[in-house]
Amino acid sequence: MKALLCKQYGTPDSLLVEDIAPLTPKAGEVVITVKACGVNFPDTLIIQGKYQFKPAFPFSPGGEVAGVVKEVGEGVTHLKAGDDVFAMPGWGGFAEELAVKANRVFRMPPKMDYKVASSLMYTYGTSYHALKNRAELKAGETLLVLGAAGGVGLAAVNLGKIMGAKVIAAASSEEKLELCKSYGADAVINYSKEDLRERLKEITGGGVDVIYDPVGDKYAEPALRAMNWKGRYLVVGFAAGQIPSIPLNLALLKGCAIVGVFWGAFAEREPKANFQNITELFQWYQTGELKPHIQKTYSLEEAPQALYDMLERRAMGKLVVVP
């Protein structure tokens, strides 16, 4: 079977598609025939050795897959060959087959498309954990989403509206902002042309209650300065490259909380709460309220380009690799 392999840390063009031996599950594992694999920002980090997990070489990026169970290992009872599933292995998904621990594999809801199933958990799982569990977002509050047209950003816009918030979407182009409007954003800011802090004052007349920040860099401090009393600043990621230095006196003056969001650790440490979140997300998907946006699909050979599109912030919604 074919896999896109990382043999040493580097850029996406250093990855190689190679034939490797078919996989056999160990005890407690399943082998999945991969039908689709979501592309996520951590995929660009893991191949450079910049992610918190560093698998042994060679490995394939791709931490979010959907497909069909090919074979189950000893001790696996909740899954069987032929089941349609999605899984969150962390890496290994840019391949025709994947071996993964069975506790990271879940049955797909009926009639869900493989590409959608591979696009849901990282983005919507992260954003729902952030807004529900970390920010405790309430109906009527004002939510600012930075990087609002990206995978997790657009999910946050979608979920913020479902949860009853007033959503302000900030992104770097008019095309991206039009997509955010189609997902219900109440107001938009083009921070490549407009002053973020001043526009927030104009829009809100005061400040925002929750800030969802997967971008970091120069946008963090002006956003934090627009925070309401007892607001919550969600630290989701640093897609712009630089980890910002925050003047902590701002948190003191505004009585606000700066809250870390690490969905992967939450899913591992609090599986029951995470499963409840997944259940609620699926319910919203089935009612049509939750709408993953898949911008483009790529073959396995084209997967390095997908990673470049992610690195260079051309992605709107989700990119998906179809082996």
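In this chain, numbering begins with 1 at the start of the sequence shown.
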Quick one, [X] and [Y] - any side-chain contact, counting heavy atoms below 4.5 Å?
X	Y	answer
V210	E141	yes
P292	Y285	yes
V208	I168	yes
K318	V39	no
V157	L143	no
F41	Y51	no
I47	P12	yes
V34	V68	no

Apply side chain to side chain contact (heavy atoms under 4.5 Å, CB included) to the pair I189 and E198, showing each step before the final yes or no. CA-CA 10 Å; I189 300 172; E198 290 305 313; over 6 Å; no
Flag, side chain of [X] to backbone of [Y], donor-acceptor distance under 3.5 Å:
X	Y	result
R197	A226	no
Q295	M316	yes
Q276	K272	no
N228	G231	no
S192	S172	yes
D186	A169	no
N40	D43	no
E194	N190	yes
E202	R199	no

Please assess L131 against M163 for the test side chain to side chain contact (heavy atoms under 4.5 Å, CB included), listing each intermediate value before the final yes or no. CA-CA 9 Å; L131 298 179; M163 297 168 76; 4.0 Å; yes
If the plane angle is over 60° it's perpendicular, under 30° parallel, otherwise tilted; pick one for F106 and F86.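 The rings of F106 and F86 lie parallel, inter-plane angle below 30°.
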Indicate the ring-plane relationship of F57 and F59, choosing parallel, tilted or perpendicular according to the 30° and 60° boundaries. parallel
Please give the remaining members of the hydrophobic cluster of L177, linking ILVMFWY side chains under 4.5 Å, ordered by chain and number.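 Grouped by the 4.5 Å side-chain rule, V188 form the rest of the cluster around L177.
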Do the side-chain N and O atoms of [X] and [Y] include a donor-acceptor pair separated by under 3.5 angstrom?
X	Y	result
D213	Y219	no
S127	Y212	yes
S173	E175	no

If Ile, Leu, Val, Met, Phe, Trp and Tyr residues are connected whenever their side-chain heavy atoms lie under 4.5 Å apart, and connections chain through other members, are [X] and [Y] in the same group?
X	Y	result
L120	V236	yes
V65	V72	yes
I211	L234	no

Is it true that, when you exclude [X] itself, more than 12 heavy atoms of the residues, nucleotides or ligands shown sit nearer than 6.0 Å to its [atom1]?
X	atom1	answer
K291	NZ	yes
E312	CD	yes
K2	NZ	no
K218	NZ	no
E268	CD	no
E18	CD	yes
Q52	CD	yes

What are the two closest non-hydrogen atoms of G153 and V145, and how far apart are they?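 So the two residues come closest at O-CG1, 3.5 Å.
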Working for salt bridge (charged side-chain N to carboxylate O under 4.0 Å, His left out), residues E64 and R104: CA-CA 10 Å; E64 179 183 28; R104 291 176 170 265; over 6 Å; no
Establish, yes or no, whether the cationic atom of K161 lies under 6.0 Å from the six-membered ring centre of Y183 and within 45° of the ring axis.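 Relative to the ring axis of Y183, which defines the angle, K161 lies outside at least one limit.
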From CA spacing to verdict: side chain to side chain contact (heavy atoms under 4.5 Å, CB included), W284, L281: CA-CA 5 Å; W284 283 325; L281 291 173; 4.2 Å; yes
For Y124, which residues count as a ring pair (Phe, Tyr, Trp, His ring centres under 6.0 Å) partner, sequence neighbours excluded?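 Not a single residue meets the ring pair (Phe, Tyr, Trp, His ring centres under 6.0 Å) criterion with Y124.
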Apply the test side chain to side chain contact (heavy atoms under 4.5 Å, CB included) to residues T11 and Q48: give CA-CA distance (whole Å), side-chain angles for both, the deciding distance (0.1 Å), then the verdict. CA-CA 7 Å; T11 54; Q48 299 178 74; 5.6 Å; no
Side-chain polar contacts of residues 240-252 - donor-acceptor pairs under 3.5 angstrom, sequence neighbours left out - could you list them?
none

Show the numbers, then the answer: is there a salt bridge (charged side-chain N to carboxylate O under 4.0 Å, His left out) between E96 and K70? CA-CA 11 Å; E96 292 178 334; K70 179 183 177 184; over 6 Å; no
In terms of side-chain geometry, is the basic nitrogen of D83 or R107 positioned less than 4.0 Å from the acidic oxygen of its partner? yes
Salt bridge or not for R225 and E221, using N-O below 4.0 Å?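 Salt bridge flag = yes for E221 with R225.
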Test side chain to side chain donor-acceptor pair (under 3.5 Å) applied to W263 and N274, T126, T123, N277, the passing residue: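 Of the listed options, the one satisfying the test is N274.
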Give me each pair satisfying side-chain hydrogen bond (donor to acceptor under 3.5 Å, both in side chains) with a member in residues 110-121, each pair once, sequence neighbours excluded. D84-Y114
Solution key, residues 304-311 side-chain donor-acceptor pairs under 3.5 Å, sequence neighbours excluded:
from	atom 1	to	atom 2	distance (Å)
Q305	NE2	D309	OD1	2.9
Y308	OH	D13	OD1	3.3
Y308	OH	D13	OD2	3.3
D309	OD1	R314	NE	2.9
D309	OD1	R314	NH2	2.6
D309	OD2	Y298	OH	2.7

Table please: side-chain donor-acceptor pairs of residues 19-33 below 3.5 Å, with sequence neighbours left out.
from	atom 1	to	atom 2	distance (Å)
E29	OE1	K26	N	3.0

